[in-house]
Amino acid sequence: MGMWECSENIRPVHTLDLNTVSALHEHDENAERVDNSAKAVSKFHTHSIPLDMEDIERDWDKPVTEAGIAAKASVIVRVGMLDLGAGTGSFRVREMMHRIAYPLGVHVRADVNLTDIEASCTDGKDRITEVVDLPTTGVNTERIWLLEHFADWFNVNLGKGSMYHSQSDVSEGLMQHLDKRDASQVSAELSKQLKERQKAEQNQEGSDDPVLDALEMVTERAREGDSTARPLHMRDIEAAAAAGRSNGDSVAEKPRKNRNCKPPKEYAEHFDHIGKAAGESQGVTVRQAHERLDMIERRKPLYSPAFAGLASACACASFVFLLGGGPYDMIGAFVGAGLGHWLRRRLFSHHLNQFFVTFVCVAVAALACTGMLRLIGLFDPIALQHDTAYIGAMLFVIPGFPLITGGLDMAKIDFPSGVQRLTYVLCIILMATLAGWMVASIVHLNPQGFEPLGLNPVINCLLRMLFAFIGVWGFSVMFNSPQRMCLVAATIGAITDTLRLEIVDLGVPAEAGAFIGAFLAGLLASAWRSAVRHGLLAPHLGYPRICLTVPSIVIMVPGLYMYQAMFHLGQFDTLNALDWAFRAFMVIICLPIGLAMARVVTDKSWRYDI
């Protein structure tokens, strides 16, 4: 019986002395404070950067170049945090942070791991250290792409040159329409309008600023579409007008910044602010930078769980064909993978633990695949013999992004991040294979591989190219890539994976085939990127290499080998388990090595240790 229950039954409460009454009230207040504190802690995100601190708030509406080191670091580290949360490797996170720090005259020394960043920033006078921790990790290629455009917009508006794209006008327009759901379509429309304007300018005299004219045309289209807020550049103009009125100045009299200004050759010259006139404000305020980062961070997924499940079904069914499966195997994998990934998206929306979700979704996918084949077996008993198909239904959980980026981090001598990513990959694979083995034990499956289809070599090659294209497209959708990016990655994957399978059929070891396929994927992605930079392709098609290469080689990951290894291990057949495990290991390590070699050949920053 509790204390307050006793006081209700015993009427003379007034007989308690004052110390006892005080203790009772204190107990009640403490209990209430504990309850309120628990609720507050449950809603407190420890990984968030506190932007409402005094040293940041006082610089909120200042040009970011004139802000204090705390406000500058908040932008730099937040960009790194968003890039890391999108699934990219530590080498790319550091590069992005340096791109943002460069025009601010800030040096950054960052330790980047799987889910945390510790960065020390200095502007030559002050120093600050920021630490951020992410609650989990994931993949979002659209965010990686948008952050590239943010870096270009940020640098150009601070008087520096474009770093990622040859034409910064697309980045400028894209950053003004982040409230549009399909940012890829916005960039395509802007690129088309700019091209038309450039042609018109060659034939007749146009306006003083064709870029602004093109922005206005895209804005008019945005107003008729699914825009949920006013374009950001209109808010910036209104804010600048208000600031001008408060200072008694005219906005029209503000001198235009030099967008063609090239960065200084020496990094140390950042501290001198060369080329900046006294009292002149450069570009972006702290508020404007964070406003755009807010919109990048809060963008909803491009695809619904149902469509993502369809893409997963197509990817895994295609994967099964490339592994040698037939129509029944593909149907089973289609049903299982589609249901499994749909459930995974639904569970992730509730922020459930990744390993728990992986186990549950793989078990559901394997059971759905087996049930589908049993249903087909009522009409055609041959379907009951396709026990290996359930492995294909589980391939949607392959952690391809951390697997490849972990290998690339190790190639850049960043072993802490690389080891953490590979350990994470191993944990996901163990949970998935354990769930698959348990389902196989319960329903008495005995996967022995796929039966040869006996197709004509030419037809087989064409079908491989078709299903490799569909498979890579499906994985790209699962990574939240815009459709144009999906199609580019799928084209690269269709070429590279078909070549890999064909040369393996000719007697080349599977490990060498994986290396050649990944190496060629890296070269093609670099060639695509170079073609965009040199104007051979439209500027809005300049996608990050990692968003093209990883989806194109994920389909080369030997998922069948890994699941076979766990199955035999569960049967205590250790020799076969080790055989399959080492086969998988040799193929897996060749994939990031192939990509790293392609970067060494095409990228000076990878070719030399500097």
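The model shown is predicted, which means the values in this text are computed figures rather than measured ones. Residues take their numbers from the sequence shown, with the count starting at 1.
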- Query: Parallel, tilted or perpendicular for Phe150 and Trp153, by the 30°/60° rule?
  - Reply: tilted

- Without hydrogens or angle criteria, can the side chains of His540 and Ser191 be said to hold a donor-acceptor pair below 3.5 Å? yes

- Task: Heavy atoms only: give me the nearest Leu591-Ala518 pair and the separation to one decimal.
- Result: O-CB, 3.3 Å

- Message: Quick check: closest heavy atoms across Ala333 and Cys316, and the distance to 0.1 Å?
- Response: CB-O, 4.2 Å

- Query: Regarding Thr88 and Asp83, is there a side-chain donor-to-acceptor distance under 3.5 Å anywhere?
  - Reply: no

- Query: Heavy atoms, side chains only, cut-off 4.5 Å: are Leu422 and Leu403 in contact?
  - Reply: yes

- Query: Would you call Val554 and Phe479 a side-chain contact if the rule is heavy atoms closer than 4.5 Å?
  - Reply: yes

- Under a 4.0 Å N-O cut-off, is there an ion pair linking Lys412 with Asp409? no

- Among Arg292, Arg143, Arg78, which residue meets the salt bridge (charged side-chain N to carboxylate O under 4.0 Å, His left out) test with Glu297? Arg78

- Got a second to check how far Arg500's CZ is from Cys590's SG, nearest 0.5 Å? 11.5 Å

- Query: Would you call Arg181-Asp179 a salt bridge at under 4.0 Å N-O?
  - Reply: no

- Item | Atom of Asn456, atom of Val458 and distance for their closest heavy-atom approach | OD1-N, 2.9 Å

- Could you check whether the rings of Phe467 and Phe321 sit parallel, tilted or perpendicular, using 30° and 60° as the cut-offs? tilted

- Message: Please give me the minimum heavy-atom distance between Ser526 and Arg545, naming the atom from each residue.
- Response: OG-NE, 3.2 Å

- Test item: side-chain donor near acceptor, Ser481 and Thr141, under 3.5 Å: yes

- Less than 4.5 Å apart, any side-chain heavy atom of Arg94 and any of Val108? no

